[in-house]
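Report on the following structure.
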Protein chains: 2
Amino acid sequence: MCSFGSPSKKSEVMAKKVTIYDIAREAGVGIGTISRVLNDHPSVTPETRKKVIDVAKRLNYQPHTYAQRLARRQSETISAVIPFFTNYFFIEVLRGVQDKISELGYDLVLYGVERPDQVEGYAARALQRGKVDGILFFSMKVPDKVLARLKETNLPIGLVDAVSPEFDSISVANAEGAYAATTHLIELGHRSVGMINAQSVSAPALERLQGYRRALERHGMPFTDELVKIGKNSRQDGFNRDAGYEAMMEFVKLGSEMPKAFFASSDIQAMGAISALTESGFRVPEDVALVGFDDIELARHMRLTTMRQPMFQMGVLAIERLVARMSNPDMEILHTTFSPTLIVRESCGALTRNQN
Amino acid sequence: MCSFGSPSKKSEVMAKKVTIYDIAREAGVGIGTISRVLNDHPSVTPETRKKVIDVAKRLNYQPHTYAQRLARRQSETISAVIPFFTNYFFIEVLRGVQDKISELGYDLVLYGVERPDQVEGYAARALQRGKVDGILFFSMKVPDKVLARLKETNLPIGLVDAVSPEFDSISVANAEGAYAATTHLIELGHRSVGMINAQSVSAPALERLQGYRRALERHGMPFTDELVKIGKNSRQDGFNRDAGYEAMMEFVKLGSEMPKAFFASSDIQAMGAISALTESGFRVPEDVALVGFDDIELARHMRLTTMRQPMFQMGVLAIERLVARMSNPDMEILHTTFSPTLIVRESCGALTRNQN
DNA sequence: GCGATTTACGGAAGGGTTTCCATCATTTTC
DNA sequence: GAAAATGATGGAAACCCTTCCGTAAATCGC
């Protein structure tokens, strides 16, 4: 409020605001020329160019980001709305996203969703006119209401780990993956395979359930609701360790009725399940076989058999796709589905275990 | 703050660019008044206010973010430079950061560092004039050269999980924590305690080493270089699972000389160490005791005794501090150090194990 | 050698806000 | 009832850039 003289005059230079007008004056040229030089426009003579660049350097010129964005009618920014609670999966995808974004010289604005009801607010914020050139929604069911508004704005939108007919999407063949995982267990000879699922508000959870169910049926094994447990008191969508623990504890209560093989809809749930099993005196894989989904870093560590998703790649592709749409809004809507691959480790009991 | 999104009536107004001039014309008032209404300036009569708000809603007005930022000389943006390779720790802190940032209505621009040499480039980008109101650097040793430039710009800067005399910082008493962890093992009767450390480019690694060493010496146990191993072929700073694995394998090679208790400088390294031990036929904690550092979610799952850092809180505080400095640049530089707390679980062997 | 192109350049206009200052209408004060 | 204070308002100026248009000089074609 009261900033008269600068307290320390030693640095007369200070980070004063140098504009193109200063450069123009100093270099004896017009502002248009400055802009042309700075933006590599061809019609500037080499001498002028050099002169301008020298002055700009001497004055330590920095363009004002927001003035540029305003004038260019471009934000050079992409925002990502991600659910923080899906931790391990999203962070890998995010790495890919960030990698590509910074390679392109864009900025990444992050909106981390802790509770589903925040989605709408974040979407509104990202939608402020001119704010971003595109938005990516991660792993979440975007409310129809929001979806409709997004559609209206005509802003490039991408869905990652989610699908909607109206927008580009990058996803994983969840049903297919679940089918493969379950089939793997069946082929190992298990005649009863349970599933640890997440809340059905999550689209991937639903799809994985379908794949699981189909695998059972194709192999002549009856599906019943009792074969699927979902952790109740769990945060959010249920893709977390506690939910896995709870679900497995439900199974344990069944006593001798308990299946001896399980497909968990995420690795992190499988981790919880392993805890529950260990605490209940079951060994994995000797007593109980388990297959997860995701192949997070930890899965390797825990020797968990799982379905691998190419997370980093998905992130990279999501950005590439989004950028493509920015430069060509009329591009046909594209849905890319990656097929997860079965990574066989020890938790399923398929390997002879000769290391310990 | 104020965006008037009418839930899609088939409004005559497509996502056309509506400006305050349009509102002014339509409402029969001047643009100054529009701005005052939208920014809750007191001197507007209730009738005028209502009239303006009605028109704004009807036209589905959205302020242009960058025009506002340009005129306000304020970016309402904070950027965070984070090392992606410190995964589990940073993500928790980031949650706190993001939580607070969005509560304040700011935007978070994320720069994820995969290789140390990227820091400089990202810093330069964040430093573009007007681009951000403040920057947070996470868990990294910022090169002196960059530090000097940051200082020059006078932009509010905060360090998280790192310390430098010239900037505010939020950190953890690493030496103290390492001391406590090591002492815990010593008090459990171990006469030889090894340490699994990260690369010494990392300040926390160095400090934890110091605490470890002091604990040994205070308890009359000689410190030798052989007691500390660092994974070699590891990504980045060595705070990762593979590095922990490698380091422990080095210890295993020692045969009967191998210590039977270890302090690992991070939980994730402890995970790797456990793998190495298991593969080599050692049980934890029966044969070998282990204490980690961080208390990532996984630690609970693995029943790892560890030093807990209040990660989420640290993130929240980092933003609060940064924002405080923005509004008062002459504020005295503040360093906050959290003391980690020992969380005793099973891996150290202190608990009777009656659950399985 | 002279009109027709081409090229380099200056600077106004535009991008969409906020803020400040002047103006005018109301109230208040004595 | 006049002077002064107060309050609401309009709009120019500022924020800092890019882009477009017009001009002047240089180059070309024949």
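So that the names make sense, note that chain A is the first sequence line, chain B the second, and so on, each numbered from 1. Source: prediction; values computed, not measured. Heavy atoms only: backbone and side chains are in, while hydrogens, waters and symmetry mates are out.
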- Set of residues satisfying salt bridge (Lys or Arg N to Asp or Glu O under 4.0 Å) with respect to A:Glu103, sequence neighbours excluded: A:Lys100

- Query: Please, which pairs that meet ring pair (Phe, Tyr, Trp, His ring centres under 6.0 Å) have at least one residue in residues 93-120 of chain A, sequence neighbours excluded?
  - Reply: A:Tyr111-A:Tyr122

- ring-ring contact (aromatic ring centres under 6.0 Å, His included) against A:Phe167, all qualifying residues, sequence neighbours excluded: none

Tell me which donor-acceptor pairs under 3.5 Å the side chains of residues 324-333 of chain A have, and how far apart each pair is, sequence neighbours excluded?
residue  : atom : partner  : partner atom : Å
A:Arg325 : NE   : A:Asp168 : OD2          : 2.5
A:Arg325 : NH1  : A:Pro329 : O            : 3.0
A:Arg325 : NH1  : A:Met331 : O            : 3.0
A:Arg325 : NH2  : A:Asp168 : OD1          : 3.1
A:Arg325 : NH2  : A:Asp168 : OD2          : 3.4
A:Arg325 : NH2  : A:Met331 : O            : 3.0
A:Arg325 : NH2  : A:Glu332 : O            : 3.1
A:Ser327 : OG   : A:Val323 : O            : 3.4
A:Ser327 : OG   : A:Ala324 : O            : 3.1
A:Asn328 : OD1  : A:Asp330 : N            : 3.4

- From the 5' end of DNA chain C to its 3' end, which nucleotides mark the outer limits of contact with chain A, defined by a 4.0 Å heavy-atom distance cut-off (strictly under)? C:dA8 to C:dT17

- ring-ring contact (aromatic ring centres under 6.0 Å, His included) filter on A:Phe138, not counting sequence neighbours, yields none

- Message: For A:Arg73, give me all partners under salt bridge (Lys or Arg N to Asp or Glu O under 4.0 Å), at least two apart in sequence or on another chain.
- Response: none

- Note on the structure: All stems that DNA chain D takes part in, i.e. 3 or more consecutive Watson-Crick or G-U pairs with distances under 3.5 Å, are C:1-30 with D:1-30

- Message: What does the B/S/- profile of nucleotides 19-27 of chain D look like, 5' to 3', with a 4.0 Å heavy-atom cutoff to protein?
- Response: BB-------

- Task: Quick one: list whatever passes salt bridge (Lys or Arg N to Asp or Glu O under 4.0 Å) with B:Asp133, sequence neighbours left out.
- Result: none

- Sequence neighbours excluded, which residues qualify as side chain to side chain contact (heavy atoms under 4.5 Å, CB included) partners of B:Ala67? A:Leu70, B:His64

- Note on the structure: Contacts of A:Arg58 meeting salt bridge (Lys or Arg N to Asp or Glu O under 4.0 Å) (sequence neighbours excluded), chain-then-number -> A:Glu26

